[in-house]
Every structure is written in structure tokens, then in C-alpha cells.
Amino acid sequence: MVFPADFTNKRQDSRVNTELPVRISIGSQFTLNGQIRDLSAKSAFIRIRHSIYLQLNDEVGFAIQCSRNVDDAIVGLARISRLAPGEGFAIYFTKIDEGSLSRLKDFVSD
């Protein structure tokens with residue numbers, strides 16, 4: 001791919017292409033399972049099989065399972081930043097506890 005001379009990459013964080021299971025919760029009564037396609041310290045793209053009605057900036061809860069140990073999940077809140085019909089959606093993280101943030105940074109930097 002050729003980029004123009006004035007191109008600047010807006011992504012400043014390292015991204016990891018991966019296949020990790022993720023559980024998304026919408027409100028307190030609805031959850032769905034998906035797969036993380038790529039992950040950074042600030043965002044992720046989630047592939048889902050089901051069509052679901054979401055809008056930009058909707059808040060969702062997430063739990064990314066990065067190992068077999070359930071206690072090692074990366075959990076927090078995020079907002080929808082991009083919708084890709086038929087593929088999934090991108091989220092940007094808005095709230096992650098210190099333990100989850102540490103696990104996320106370790107995973108992304110490996």
C-alpha cells in the first residue's frame with residue numbers, strides 16, 4: 001500500500017492481531033459473545049456472528065478472556081467507535097481497573 005507524503009498514522013498505540021473470546025454486555029440484561037480481531041491499549045475490534053442494533057457512542061461492558069484462568073480476564077467499560085455491518089464493531093475503552101489495565105498492557109506489549 002502506498003501512502004501520500006503527508007500521511008500521518010493516527011494510531012499511535014501498538015496493535016495486536018489476535019483471536020480472543022470476548023463477552024459484551026449491553027445494559028444489565030443482554031450479553032453476547034464475540035472474538036477480538038485486533039487489540040490495543042485503548043481499543044479493540046470485535047467480530048460478532050449476530051446482527052445487533054448498536055449505535056456510535058453506545059456504552060457496553062466487556063470481558064476479554066486472555067487466558068484459561070477466568071480471573072485473568074480484562075474487564076471494563078467501553079463505547080462503540082465504529083460499526084462494520086456484517087463484521088462487528090470497534091470499541092474504545094473508557095474504564096478499566098488497574099489489574100485489567102496491567103494485563104492488557106502486558107498482552108499488547110508481548
Give, for atom [atom1] of [X] and atom [atom2] of [Y], the distance between the pair rounded to the nearest 0.5 Å.
{"X": "Ile74", "Y": "Gln65", "atom1": "CD1", "atom2": "CD", "value": "9.0 Å"}
{"X": "Ile26", "Y": "Ile80", "atom1": "CD1", "atom2": "CD1", "value": "7.0 Å"}
{"X": "Ile36", "Y": "Ile64", "atom1": "CD1", "atom2": "CD1", "value": "4.0 Å"}
{"X": "Arg82", "Y": "Glu87", "atom1": "CZ", "atom2": "CD", "value": "7.5 Å"}
{"X": "Ser109", "Y": "Leu104", "atom1": "OG", "atom2": "CG", "value": "9.5 Å"}
{"X": "Arg37", "Y": "Thr18", "atom1": "CZ", "atom2": "OG1", "value": "12.5 Å"}

Using the rule that Ile, Leu, Val, Met, Phe, Trp and Tyr join whenever any side-chain heavy atoms are under 4.5 Å apart, tell me whether [X] and [Y] fall into a single cluster.
{"X": "Leu32", "Y": "Val22", "answer": "yes"}
{"X": "Leu54", "Y": "Leu77", "answer": "no"}
{"X": "Ile48", "Y": "Ile24", "answer": "yes"}
{"X": "Leu20", "Y": "Leu101", "answer": "yes"}

>> According to side-chain hydrogen bond (donor to acceptor under 3.5 Å, both in side chains), who are the partners of Arg47, at least two apart in sequence or on a separate chain?
In response: Glu19
> Partners of Arg103 by salt bridge (Lys or Arg N to Asp or Glu O under 4.0 Å), sequence neighbours excluded?
Replying inline: none
> Below 4.5 Å, heavy atoms only, C-beta onward: do Tyr92 and Arg79 meet side chain to side chain?
Replying inline: yes
> Does Ala78 have any side-chain contact (heavy atoms from CB on, under 4.5 Å) partners at least two apart in sequence or in another chain, and if so, which?
Replying inline: Val60, Phe62, Ile91, Phe93
>> Show the nearest heavy-atom pair for residues Ser100 and Ala73, with the distance to one decimal.
In response: OG-O, 3.6 Å
>> How close do Ile46 and Gly34 get, counting heavy atoms only, and between which atoms?
In response: CG2-CA, 4.3 Å
